[in-house]
Every structure is written in structure tokens, then in C-alpha cells.
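For reference, the structure is listed below as C-alpha cells.
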Amino acid sequence: MSMLDAQAAEVGIRELVRRLNAGLGVTLVGGLTGSPVRGISSDWQKVNGPEPSPEAQQRLRLAHRVWRIISDAEGEHVARLWFIGSNPWLNDDSPVNATREDRAEDLIHAQDKSQANSHVRATLEI
């Protein structure tokens with residue numbers, strides 16, 4: 001288990017949702033879980049609110065893991081754009097869709113490739 005996986009496991013689901021809501025917005029967070037209820041993630045972060053399903057929690061933890069890696073390296077604005085944009089390593093699909101469709105390996109591969117490509121770009125700009 002990586003350090004980020006361990007940290008995500010220690011964070012309660014409500015706090016994890018709160019962090020994703022702050023960075024991605026409630027509509028995207030609910031959407032990446034596959035919930036048909038618009039804005040449900042604002043209820044999930046409330047102390048007495050409903051809990052996301054086990055499947056939604058798995059998607060939230062995956063999204064949080066990838067979010068942390070990208071936002072720590074590139075900033076929150078870039079991470080949000082990365083999640084909603086088409087991605088060549090996902091056959092031009094978005095990471096939000098890949099998360100919703102439980103394509104964890106594809107999502108992590110795309111994040112790895114994006115980070116490697118970003119590093120190459122930064123190196124070339126120096």
C-alpha cells in the first residue's frame with residue numbers, strides 16, 4: 001500500500017468527500033460516483049447525512065488518490081481540468097467517466113502518463 005493509499009484509508013469518507021467537493025465541485029463528485037442525484041455529495045459530507053454506497057466509496061477513494069497526486073504536483077486548478085478533460089491515455093474519455101466506470105487501472109495509468117509527460121514538459125522548459 002502506498003503512502004497516499006494509507007492516508008486516504010485514514011481519512012473518513014465524509015472528510016474525503018468534503019475535500020473532493022472543494023476541489024472538483026459537488027456535481028462532478030456525484031457524477032464520478034455514478035449517482036443519479038445531482039449534488040448528492042454535499043449531503044455525503046454532512047455529519048448526519050447519508051453515506052455513499054460501498055461502490056461509491058471505492059470510486060471516491062480512487063478519485064481522491066488521483067486528485068492528491070495531481071493537485072500536489074500541478075495545483076488544484078490543473079487537477080480539476082485534468083479530471084474533466086478528454087485524456088489521450090483514456091481513448092479521449094475523461095477521468096470522471098473512467099472513475100464512474102470503475103476503470104481504476106486505466107485511470108492510474110493515465111495519471112502516471114500525464115505526470116511523466118508533465119515532468120518532461122517542465123524539464124524541457126528549463
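In this structure, the side chain of R18 does not engage the main chain of Q45 through any donor-acceptor pair within 3.5 Å. Not one N or O on the side chain of R65 forms a donor-acceptor pair closer than 3.5 Å with the backbone of I108.
Two different hydrophobic clusters hold L107 and V78 under the rule that ILVMFWY side chains link at heavy-atom gaps under 4.5 Å.
Summarising the geometry of R61 relative to V11, their closest heavy-atom pair is NH1-O, 3.3 Å, with the distance given to 0.1 Å. Pairing each heavy atom of W44 with each of A56, the nearest pair is CH2-CB, 4.2 Å.
Between H64 and R19 the shortest side-chain heavy-atom distance falls below 4.5 Å. At a threshold of 4.5 Å between non-hydrogen side-chain atoms, the residues P50 and D43 count as touching.
Sorted by first then second residue, the salt bridge (charged side-chain N to carboxylate O under 4.0 Å, His left out) pairs that include residues 82-96, not counting sequence neighbours, are D93-R103.
Just one of L20, L28, V66 meets the side chain to side chain contact (heavy atoms under 4.5 Å, CB included) condition when paired with F83; it is V66.
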Please table the atom pairs, donor to acceptor, closer than 3.5 Å between any side-chain atom in residues 29-41 and protein atoms at least two apart or in another chain.
residue : atom : partner : partner atom : Å
T33     : OG1  : G30     : O            : 2.6
T33     : OG1  : S35     : N            : 3.3
S35     : OG   : V37     : N            : 3.2
S41     : OG   : N21     : OD1          : 2.7
S41     : OG   : V26     : O            : 3.2

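A salt bridge does not link R80 with E76: every distance from a Lys NZ or Arg NE/NH1/NH2 to an Asp or Glu carboxylate oxygen is 4.0 Å or more.
A side-chain donor from one of S114 and W82 sits under 3.5 Å from a side-chain acceptor of the other.
Taking Q58 as the reference, nothing meets the side chain to side chain contact (heavy atoms under 4.5 Å, CB included) condition, with sequence neighbours excluded.
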